[in-house]
Each structure stands twice: as C-alpha cells, then as structure tokens.
2 protein chains.
Amino acid sequence: MQTALRTVPPPTRMSHMPTPFRAVPGALALLEQFGCTVTVRRDHEIYRHGEPTDFCWRILTGCARTVKLMEDGRRQIGEFLWPDDLLGMDDFGTHYFDGEAVTDLTLRRYPRRVVEAQAEGNAVLALWLRTITVTNLRFAHRQLVLLGRKTALEKIASFLLEMDRRSAQTDGGVVELPMNRTDIADHLGLSIETVCRNLAHLQREGTVGILRSGIDLLDRDALLELARE
Amino acid sequence: MQTALRTVPPPTRMSHMPTPFRAVPGALALLEQFGCTVTVRRDHEIYRHGEPTDFCWRILTGCARTVKLMEDGRRQIGEFLWPDDLLGMDDFGTHYFDGEAVTDLTLRRYPRRVVEAQAEGNAVLALWLRTITVTNLRFAHRQLVLLGRKTALEKIASFLLEMDRRSAQTDGGVVELPMNRTDIADHLGLSIETVCRNLAHLQREGTVGILRSGIDLLDRDALLELARE
DNA sequence: CGATCGATTGAGTAGCGTCAAATCGGGTGG
DNA sequence: CCACCCGATTTGACGCTACTCAATCGATCG
C-alpha cells in the first residue's frame with residue numbers, strides 16, 4: 001500500500017509533515033480527534049451520489065474528482081480536489097455527485113454529525129464552513145461561464161491556468177496533470193479528441209509544451225489572453 | 001411606479017401579503033429591523049460584479065437574474081431568482097456576477113455587516129446562511145451537467161421543468177416565463193434561434209403549447225424523459 | 001516481444017451558431 | 001378606432017465548430 005502510494009504523482013504540499021497533524025485551519029483543529037485516516041485507490045469511489053452525507057473528507061495526499069454520470073454514459077466532472085481541499089460538504093441529506101479518487105488518495109474522514117454539532121457551538125467553525133461553500137460556489141459559477149460560453153480553445157487555456165493555480169507546485173512552469181484526457185474532457189464539456197487537438201494546437205503555437213509529466217506553460221500571457229477572464 | 005409594477009407578469013406568491021411582514025424564515029426575523037425596501041426597474045442593475053458585498057437582498061416581488069458578461073459581449077446567466085430567494089450572499093469581498101432585474105422588482109435589502117454580525121452570535125442564522133449557499137451550490141452543480149453534457153433539446157426540457165418547479169404557480173400547467181428568449185439562451189448556453197427552434201419542435205410534437213403568457217406543459221412525462229435527470 | 005491502455009491524428013458529419021428575412025404583438029399617435 | 005412602428009420572436013439558408021468513428025502511435029507491463 002505504501003509503495004503504491006509512492007508511485008502517485010507529486011506527494012505535493014503535505015508530504016513533508018506527519019500526516020494529519022499539520023497546519024489545519026484553526027477551526028478544524030477541534031474536529032481532529034474525531035477524524036480517522038483512510039486511503040482510496042486510484043479510480044475507486046469515496047462516496048456515491050444518493051448516499052447519505054454521513055461523512056466529509058479532507059484530502060491529505062493525491063487528487064480527487066466529483067462526477068455525475070448520466071444513464072447513457074455521458075459524464076460531467078464537477079471539480080478536481082487537491083490536498084487540504086474538503087470533500088463532501090456540498091450537500092445536506094444525500095450527495096449529488098460521486099466522489100472518486102483520480103490518484104491513490106489518503107484522506108482524513110470526519111463524521112458530519114460531529115462537524116455540524118461543533119459548528120452549532122462555534123461561530124468560527126460555522127463561518128469557516130460557509131466560507132468553504134461560498135468558495136466552491138464561486139468555482140462553480142466560473143465553470144458555468146466556461147461551459148456555457150467559451151470555445152474549446154478558451155476552455156483548455158482556462159483549465160491549464162486553473163490547474164496551475166490550484167496544484168501550485170512551482171517547479172518551473174510545468175503543470176502536473178494527474179488526471180487523464182478523458183477526465184479533462186468531461187470537466188470541460190468536450191470530447192477527448194478535441195482536448196488533444198487543442199493541446200496540440202497550443203504546442204504548435206509554442207504556447208505550451210506537452211511533456212509526459214505534464215504541460216509546460218511556456219507563454220502564460222498568451223494563455224491568459226486565450227482564457228478571456 | 002405602482003402601476004408599472006402591476007404590468008409585470010404574475011405578482012406570484014407574495015402579492016396577497018403586506019410586503020415585508022410575512023412568513024420570513026425565523027432566522028431572518030431578527031434582521032428585519034435592519035432591512036429597507038427598495039425597487040429596481042426592469043433590466044436595471046441591483047449590483048455589479050467587482051462591487052464590495054456590502055448588501056444582500058431578499059426578493060419580495062418580481063424575477064431577478066445573475067449575469068456574467070464577457071468582454072466581447074458573450075453572456076452567461078447563472079440563475080434566475082424568485083420571491084423569497086436571497087441575492088448577493090454568494091460571495092465574500094466582491095461580487096462575481098452582476099445582479100439584474102428581469103422584471104420590475106421590489107426587494108428587501110440588508111447590510112451584510114449586520115447579517116454577518118448576527119450570524120456570529122446566532123447558530124440558527126449561521127446554519128441557515130450555509131443552507132442557502134449549499135442549495136445554490138446544488139443548483140449550480142446541476143447546471144454544470146446541463147451545460148457540459150446535455151443537448152439543446154434536453155436543455156430546453158430541463159429548463160421548462162425547472163421553471164415549473166421554481167415559479168410554482170399552479171394555474172393548470174402553464175409556466176409563466178418572465179424572462180425573454182435571449183435570457184433563456186444565455187442561461188442554457190445556446191443561441192436564441194436554437195431556443196426558438198427547439199420550443200417549436202416541442203410544440204409540433206404536442207409536448208408543450210407556446211402561449212403569449214408562457215409555456216403550457218402538456219406532457220410532463222415526455223419532458224421528464226427528454227430532460228434526462 | 002506482444003499485449004494493452006491512453007494519447008494522438010485523420011476523415012467525415014451533425015448539431016448548433018450566424019446571418020438574414022419574415023412575422024407577430026403591443027404600444028403609440030393621429 | 002385604426003394605421004404604423006418597433007422590438008421580440010420565429011423561420012430559413014448556410015457555415016463552422018466540435019463530435020464520431022477509425023486508425024496509428026507511444027509507453028508501460030507482464
């Protein structure tokens with residue numbers, strides 16, 4: 001299991017700290033005693049849509065996605081999540097999306113009952129929970145504009161810049177993309193071929209370099225221009 | 001002004017009550033003393049993106065929209081809002097969308113500072129605010145699937161059912177649509193012509209009737225089938 | 001080394017957008 | 001009351017973006 005986890009992309013931000021006991025937002029500290037650490041293998045589920053919202057998770061290492069699968073197989077990925085992101089607080093009652101592991105994951109799991117109970121007596125935690133939800137909502141709203149009104153090329157440019165911001169590992173300009181092309185396509189409302197073609201186009205233009213390890217953002221200004229935000 | 005407001009579509013749910021003093025969610029009752037009633041004319045702004053989030057609004061009568069305008073004129077409507085819906089709580093700091101009046105509006109406006117201050121000392125209000133945000137997030141997530149993966153016809157069917165649910169005035173099966181075709185198109189990521197053509201298609205099929213006052217949902221089962229949800 | 005899975009490239013097409021014209025409906029002024 | 005006007009809607013013709021189907025390439029693994 002440990003060796004499996006080591007094959008995963010970059011151990012990113014948390015790897016240098018003894019797992020759950022690091023700089024947790026102050027408000028979350030009092031939940032720590034109720035948390036337990038779990039692992040989920042690549043492409044396996046964290047939770048399924050329709051399940052009761054009994055837990056939420058904080059990502060320790062790895063990358064996760066939220067997914068909606070239509071009956072005929074069409075798929076929409078709501079968002080990708082990185083270390084320190086909170087998963088499963090987007091709903092009351094039952095989950096709307098599925099939560100899945102893009103890479104092997106280590107998670108810190110907390111019972112929602114405890115989270116909600118603590119929030120009731122702790123205004124800082126309560127505000128922090130709403131802040132997280134508002135942040136997610138802002139992301140969703142930006143994604144609405146992207147899906148509704150941007151061209152394929154604009155979507156790709158926006159996505160690359162977004163991944164650069166979120167996965168924020170500054171080894172030169174190379175963005176590591178733990179998800180595959182299908183995931184990217186299903187996040188941007190495109191086909192996998194259109195994703196490939198537009199990445200190739202950006203490469204021919206000299207805007208990006210396509211590496212095995214990720215995408216090299218050679219010309220961020222050009223990408224910003226294309227992203228139209 | 002009053003006569004202007006009377007020309008607006010359906011006075012919907014609130015019209016039979018003396019405006020702000022009606023069944024306000026208990027948690028909001030203690031904010032009522034800080035609220036003031038404002039009106040906004042059709043197509044005018046309530047707030048602009050980038051403005052500080054100094055206020056939020058509860059809709060008393062009329063219909064509002066949240067809008068993102070791209071530099072070249074492309075437009076995405078995030079959501080439509082009806083009486084009792086809360087507007088302007090989606091962000092901290094500055095607004096992302098514009099808020100605009102679809103019809104002439106009466107609003108109850110509250111200072112955010114007061115709302116936040118009250119929430120800090122009142123767990124019920126705090127939870128209620130988060131519940132509203134979570135509800136908005138769920139709507140946004142459904143819209144992501146619609147924009148990313150549904151066909152034009154599926155989008156139209158989904159939209160009609162959604163409007164039926166939200167504007168919930170049960171005069172037979174007729175959904176009143178206060179927004180114009182352009183607004184619908186910009187909400188669904190379509191062109192106005194595609195909206196028209198698909199509505200016409202549904203009419204030819206006998207699924208809906210297109211009336212001056214709105215859309216008659218003749219065959220809800222067919223719409224549900226088409227909406228794929 | 002062959003098998004397999006993801007990524008890429010090519011060819012052809014369909015759905016939806018754009019441009020343009022016609023129609024409808026409501027409001028206005030004579 | 002009626003003719004006209006103007007904006008919103010609808011319909012038609014055509015084009016383009018992005019999808020589908022299919023083949024190839026590349027990398028990893030047994």
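Predicted, not measured: the structure shown is a model, and the values here were computed from it. Sequence lines set the chain letters: A, B, ... in the order given, protein chains first and strands last, and positions in each chain run from 1.
If you measure from atom CD1 of B:I156 to atom C1' of D:dT10, you get 14 Å, rounded to the nearest angstrom. Per the geometry, CG belonging to B:D183 stands 17 Å off P belonging to D:dG7, to the nearest Å. Rounded to a whole Å, the CZ atom of B:R74 is 13 Å from the C1' atom of C:dG17. Put simply, CG on B:L211 is 15 Å from C1' on D:dT9, counting in whole angstrom units. Distance A:L153 CG to D:dA18 C1': 13 Å, rounded to the nearest Å.
Here the two rings, on B:Y47 and B:H95, have centers that are under 6.0 Å apart.
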Seminar exercise, completed: Per-nt protein contacts along nucleotides 5-15 of chain C (heavy atom under 4.0 Å; B base, S backbone sugar-phosphate only, - none) come out as --SBBBB----
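Taking B:F80 as the reference, B:H187 meet the ring-ring contact (aromatic ring centres under 6.0 Å, His included) condition, with sequence neighbours excluded. By the side chain to side chain contact (heavy atoms under 4.5 Å, CB included) test, A:F92 is found to be paired with A:R112, A:E116, B:L127, B:R130, B:T131, B:V134, residues two or more places apart in sequence or in another chain being considered. In this view, A:A64 and A:I46, A:I59, A:L81, A:L87, A:L105 satisfy the side chain to side chain contact (heavy atoms under 4.5 Å, CB included) rule, not counting sequence neighbours. For A:R220, the side chain to side chain contact (heavy atoms under 4.5 Å, CB included) criterion is met by A:D164, A:L217, not counting sequence neighbours.
Rounded to 10 degrees, the angle between the two end axes of the helix from C:dC1-D:dG30 to C:dG30-D:dC1 is 30°, with five pairs used at each end.
A donor-acceptor pair under 3.5 Å links the side-chain atoms of A:D85 to the main chain of A:W82, judged by distance alone.
Side-chain contact between A:V208 and A:D216: absent, with no pair of heavy atoms (C-beta onward) separated by less than 4.5 Å.
In this structure, A:R48 is not positioned above the aromatic face of A:F97 in the sense of NZ or CZ being under 6.0 Å from the six-membered ring centre and within 45° of the axis.
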